[in-house]
Each structure stands twice: as structure tokens, then as C-alpha cells.
S.K.: 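Dropping a structure here in C-alpha cells format, bear with me for questions.
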Amino acid sequence: MKKTILVTGGLGYIGSHTVIELIENGYEVVIVDSLVNSKLEVLNRLETITGVRPTFYEYDVRDEEGMEKIFSNHDIFAVIHFAGLKSVGESVQKPQLYYDNNIGSTEVLLKKMKEHGVHNIVFSSSATVYGQPERMPLYETDPIGNVTNPYAETKVKIEEMLEEISKNDPEFNPVILRYFNPIGAHKSGLIGEDPNGIPNNLMPYITQVAVGKLPMLSVFGNDYPTPDGTCIRDYIHVVDLAHGHLLALKKLEEKPGRVIYNLGTGVGTSVLELINAFMEANHVNIPYKIVGRRPGDLPQSYANADKAFREMGFKTKYTIVDSCRDSWNWQKKNPKGFDK
Ligand code: NAD
Ligand code: UDP
């Protein structure tokens, strides 16, 4: 019989790509999403890509009654918990919103899991939990928690909640995945990253400049202690990241208790390198100017992803050039995102 996976936030950027991997690998998928940062149209696209329309509930994960219905209606093997707000800047403006939404939803989810005897969860954490690290690359054993914004605080807090429960409940298996910087899109160009308003992140900004929606990219600082002076990140193709969740589910079948994995490529790419790769891969020009630093930016952030390879066989398949091509394919086919 097919195993059922509850995917919170399954209509979002990473969630939707993961849903495809799950369906294509024989899982039954149930999605809960409040649509606070996604569109219902994603469900149609998922059906077009996979031939299967996943069961969908439009609830906020904080809605206990709604979540009770889901847990009563389905025999859930594991939850993949993507649901959460993710804008660092917005979290500084509205910290309470982030605590309520991200931590509040996880509290309700964990309560329902306990009541219904569901022990397996994969949680979307982030490289941001490492705060202001002293050295690169980042290892799972590096200290976490010295963070400077409410978004990062919610990720640290949720990791702690999961640790606390697993200390008291040997049956409980949380797989914590610390993502680095997802970019790219499904090769069909039917789904991809569709931020509201002006993008905060580099790749969607680049694609919106490429498509003519925005006039010019601002590069935030070229005076960092890096080879070309611009910041370095570990960009990972979203389909590789999605595949990591499949491996995490396999890990859960071994009942591993609490485990933590970095999901990155292990390779750093600077802002200028990414812009150049995009221009070369797609033969489009990206006008940009160098401006001042963005407050709070780390000069470098990249993973040591050996543990995920050793223990789950996680290996990335796609290059930066693949990611640039796929991000552009998505944006070009959907200049207004999911708004058609
Ligand atoms: P996203 O905003 O595209 O997807 C999140 C989804 O969750 C959206 O569809 C949104 O509508 C939904 N959602 C938010 N709060 C909800 C709630 N209370 N109840 C129900 N649904 C809710 O974001 P994403 O890029 O796909 O990120 C997914 C997860 O991965 C997030 O937890 C994010 O913090 C984490 N993460 C993302 C990145 C990144 O760069 N994209 C990096 C590290 C970690
Ligand atoms: N960046 C930039 N211009 C933009 C957006 C981002 O120069 O319009 C830079 C940013 O300063 C950082 C890198 O691109 O060095 C990646 O930024 P993003 O917000 O995508 O990821 P994060 O910094 O959260 O890892």
C-alpha cells in the first residue's frame, strides 16, 4: 500500500517541487496550505506534471479543527513541514507574525501528530540557524542560535522543540534539513519561485530583470573579503533539494531518532558569478549596478554536505548553469508567475 505523506506548505516553492518527487516515487500526497504565500493554480500545475491531483486542504496549520480533520481522514506515515513565512526583512518588521505563524503552526502540528501516533517529521530548517559563523564550510555540528532576526529565531526555536520531544520520546523521529539557497525550477517550466512584490532573493530578482519586469539588479556590496568582493552562497537546484526529502523519508523508515543534515552543494558561488552564469546560460543581458552592502549579510555561507551523502546518499545532480537555465525557463514562460 502507498504511504501517505502530509506536506504542509505543499503549494509553495520547495514544497511543490517535493510533491512531484513524492508522487513520482509512489507516495500518496496530502497537502495543507493556507495560500498565504502561494496560489491554488499550483495544484493544477502539479496535476499537469504528474497526472495526479493531490488531496488539498486549504487550512492554516494553526487551525486545530482543520488539522484534526486531516489527521482523522488520513493514515499519515510522515509529515514534511514546509509551512512557514520566510522573509528575513518582513520578520524584522513583524516579529510577532513570524513567531505566531511559524512556531504556532509547528506547535499545533506536533500536538496533532502526538494525538494520532504519527512519529515521523521532516522539517525545513535553514542555514540561517548558524548565525554568524567563524569559519566555512558549515557542519551540522557547528553551533547554532547566535542569530539576528526573528525568522532565524523561529527556525532555531523549532529545532529546539523537536530536540526536546525526541529526548522524551524515543519513538519520535525528526529529520531536520538545513537548506542552503534553493534556485532553479522544474524542467517543465510549469512551477517555480513566484515571490509577492519585489523579490528579496537574488535569483528571482535576476529573472525579473531578464523578463523586463524590473529595470536593473542592485548588487549589494563588492567590498567583502571574497575573491571578487561579492558575497558567496551555496545555490542548490530546487529539484536536487526536493530529492533530498525523498531520501529523508527513506531514512525515517530506519527510525533514526533526531538527525540533522545540511542540504547544499558544498560549493560557493559569488553574486557576480551567478549573474555571469545566468547571462551565459541564457544569452540575455542582466544590467546591474554595485550598491552598498545589505545590512546583516554574511560574506560567505556554504555547506559541508558530506553527512547527507554518507548517511542518505544525497548528491546533487544539477549545476549552477542548469539552475540558471531552469529559473529562466520558468520565468520566461510565466512572466507574471502563477497569475498567468
Ligand atoms: P514558500 O513561501 O514558497 O512556501 C511556504 C508555503 O507555506 C506557502 O505555500 C505558504 O502559503 C504556506 N504557509 C505559510 N504559513 C502557513 C501556515 N501557517 N499554514 C499553512 N500554510 C502556510 O517558501 P519556500 O521557499 O517553499 O520555503 C519552504 C520552507 O523552507 C519554509 O519553511 C522556509 O522557511 C524554508 N526555507 C526556505 C529557503 C528558501 O530560500 N526558499 C531556505 C531555507 C529554508
Ligand atoms: N543580493 C544582491 N541583490 C539582490 C538580492 C540579493 O546582491 O537584489 C545578494 C545578497 O546580498 C546576498 C546574495 O545575493 O549576498 C544572496 O541573497 P539572497 O537574499 O538570495 O540569499 P541569502 O542572503 O538570504 O542567503
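Atoms within each ligand, like the ligands themselves, are counted from 1 in listed order. The analysis underlying the following values was restricted to heavy atoms, covering all of them including side chains, and did not include hydrogens, waters or symmetry mates. Treat the numbers as computed from the prediction; the structure is a model and nothing was measured.
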S.K.: Could you check atom 15 (N) of ligand 1 against the protein and tell me its nearest heavy-atom contact, residue, atom and distance included?
M.R.: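 Of every protein heavy atom, Asn101 ND2, 3.0 Å lies nearest to atom 15 (N) of ligand 1.
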S.K.: Salt bridge or not for Asp63 and Lys69, using N-O below 4.0 Å?
M.R.: no
S.K.: Thinking salt bridges, do Glu171 and Lys255 make one under a 4.0 Å N-O criterion?
M.R.: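 Salt bridge absent between Glu171 and Lys255.
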S.K.: Any salt bridge between Asp326 and Lys187, counting N to O under 4.0 Å?
M.R.: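 Here Asp326 does not pair with Lys187 in a salt bridge, since their nearest N and O are not under 4.0 Å apart.
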S.K.: With a distance cut-off below 6.0 Å to the six-membered ring centre and an angular limit of 45° from the axis, does Lys3 pair with Phe77 as a cation-pi contact?
M.R.: yes
S.K.: So which protein heavy atom does atom 20 (C) of ligand 1 come closest to, and at what separation?
M.R.: Ser34 N, 3.2 Å
S.K.: Could you tell me the residue and atom name of the protein heavy atom closest to atom 2 (O) of ligand 1, and the distance to it rounded to 0.1 Å?
M.R.: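 It is Asn37 ND2, 2.7 Å.
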S.K.: Of the protein's non-hydrogen atoms, which lies at the shortest distance from atom 9 (O) of ligand 1, and what is that distance?
M.R.: Asp33 OD2, 2.6 Å
S.K.: Would you mind running through ligand 1 and noting each atom that sits below 4.0 Å from a heavy atom of Ser124?
M.R.: 29 (C), 30 (O), 32 (O), 35 (C)
S.K.: Tell me, which protein residue and heavy-atom name are nearest atom 19 (N) of ligand 1, and how many Å apart are they?
M.R.: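 Minimum-distance protein heavy atom for atom 19 (N) of ligand 1 reads Val61 N, 2.9 Å.
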S.K.: Go through ligand 1 atom by atom and flag the ones less than 4.0 Å from a non-hydrogen atom of Val36.
M.R.: 10 (C), 11 (O), 13 (N), 14 (C), 15 (N)
S.K.: Among all residues two or more places apart in sequence or in another chain, which pass the side chain to side chain donor-acceptor pair (under 3.5 Å) test with Glu115?
M.R.: Lys112
S.K.: Are Arg62 and Glu107 ion-paired here, with the side-chain N under 4.0 Å from a carboxylate O?
M.R.: no
S.K.: Between the side chains of Thr230 and Asn222, does any donor sit under 3.5 Å from an acceptor?
M.R.: no
S.K.: Indicate yes or no: does Lys157 engage Glu153 in a salt bridge with an N to O separation below 4.0 Å.
M.R.: no
S.K.: Could you tell me whether Lys155 approaches ligand 1 through its side chain, its backbone, both or neither, with non-hydrogen atoms closer than 4.0 Å?
M.R.: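 Contact part for Lys155 vs ligand 1: side chain (C-beta onward).
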S.K.: Applying side chain to side chain donor-acceptor pair (under 3.5 Å), name anything that partners Tyr179, two or more places apart in sequence or on another chain.
M.R.: Ser124, His245
S.K.: Looking only at the aromatic ring of each residue, does the gap between the centers of His243 and Tyr318 stay below 6.0 angstrom?
M.R.: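 Centroid separation for Tyr318 and His243: 6.0 Å or greater.
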S.K.: Can you spot which of Gln331, Arg325, Lys333 makes a side-chain hydrogen bond (donor to acceptor under 3.5 Å, both in side chains) with Asn329?
M.R.: Lys333
S.K.: Starting from atom 5 (C) of ligand 1, locate the nearest protein heavy atom and write down its residue, its atom name and how far away it is, to 0.1 Å.
M.R.: Gly84 O, 3.9 Å
S.K.: For residues Ile232 and Tyr302, determine if any side-chain heavy atom of one lies less than 4.5 Å from a side-chain heavy atom of the other.
M.R.: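 Yes; the side chains approach each other to less than 4.5 Å.
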S.K.: Please confirm whether Asp60 approaches ligand 1 to less than 4.0 Å, judged on its heavy atoms.
M.R.: yes
S.K.: Any pair with a residue in residues 256-267 that passes salt bridge (Lys or Arg N to Asp or Glu O under 4.0 Å), sequence neighbours left out, goes on the list, sorted by first then second residue, please.
M.R.: Glu163-Arg258
S.K.: Between atom CD1 of Ile5 and atom CG of Leu246, what is the distance when rounded to the nearest 0.5 Å?
M.R.: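 One finds 9.0 Å between CD1 of Ile5 and CG of Leu246.
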S.K.: Using a 4.0 Å cutoff against the non-hydrogen atoms of Ser38, which atoms of ligand 1 qualify?
M.R.: 8 (C), 9 (O), 11 (O)
S.K.: Could you tell me which atoms of ligand 1, counted from 1 in the order shown, lie closer than 4.0 angstrom to a heavy atom of Pro182?
M.R.: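 Checking each atom against Pro182, I get 39 (C), 40 (O), 41 (N).
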S.K.: Among all the protein's non-hydrogen atoms, which is closest to atom 42 (C) of ligand 1, and how far away is it?
M.R.: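 That would be Phe180 O, 3.8 Å.
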S.K.: Give the atom numbers and elements of ligand 1 that come within less than 4.0 Å of a heavy atom of Leu35.
M.R.: 11 (O)
S.K.: Note the single closest protein heavy atom to atom 25 (O) of ligand 1, along with its residue, its atom name and the distance in Å.
M.R.: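 Looking at atom 25 (O) of ligand 1, the protein heavy atom closest to it is Lys86 NZ, 2.8 Å.
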S.K.: In terms of heavy-atom contacts, does CG of Asp75 have more than 12 from other residues, nucleotides or ligands at under 6.0 Å?
M.R.: no
S.K.: Can you list the atoms of ligand 1 that are under 4.0 Å from a heavy atom of Ser125?
M.R.: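 Near Ser125, the atoms of ligand 1 are 43 (C), 44 (C).
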S.K.: Where the closest heavy atom to atom 30 (O) of ligand 1 is concerned, which of Phe82, Tyr151, Tyr179, Tyr13 has it?
M.R.: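 Nearest option to atom 30 (O) of ligand 1, by heavy atoms: Tyr179.
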S.K.: Using a 3.5 Å cut-off on N or O atoms only, is Ser105 in polar contact with ligand 1?
M.R.: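 No, since none of the N or O atoms of Ser105 sits under 3.5 Å from an N or O of ligand 1.
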S.K.: Can you give me a line-by-line list of nitrogen or oxygen pairs between ligand 2 and the protein shorter than 3.5 Å?
M.R.:
unit_1	atom_1	unit_2	atom_2	d
ligand 2	3 (N)	Ser218	O	2.7
ligand 2	7 (O)	Ser218	O	3.4
ligand 2	7 (O)	Phe220	N	2.9
ligand 2	11 (O)	Asp297	OD2	2.5
ligand 2	17 (O)	Arg294	NH2	3.4
ligand 2	19 (O)	Asn201	ND2	3.1
ligand 2	19 (O)	Arg294	NH1	3.3
ligand 2	19 (O)	Arg294	NH2	2.9
ligand 2	20 (O)	Asn201	ND2	3.3
ligand 2	20 (O)	Leu202	N	2.9
ligand 2	21 (O)	Asn181	ND2	3.1
ligand 2	23 (O)	Arg233	NE	3.2
ligand 2	23 (O)	Arg233	NH2	3.3
ligand 2	23 (O)	Arg294	NH2	3.0
ligand 2	25 (O)	Asn181	ND2	2.9
ligand 2	25 (O)	Arg233	NE	2.9

S.K.: Is the closest N or O pair between Ile14 and ligand 1 shorter than 3.5 Å?
M.R.: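 Yes, Ile14 has an N/O under 3.5 Å of an N/O on ligand 1.
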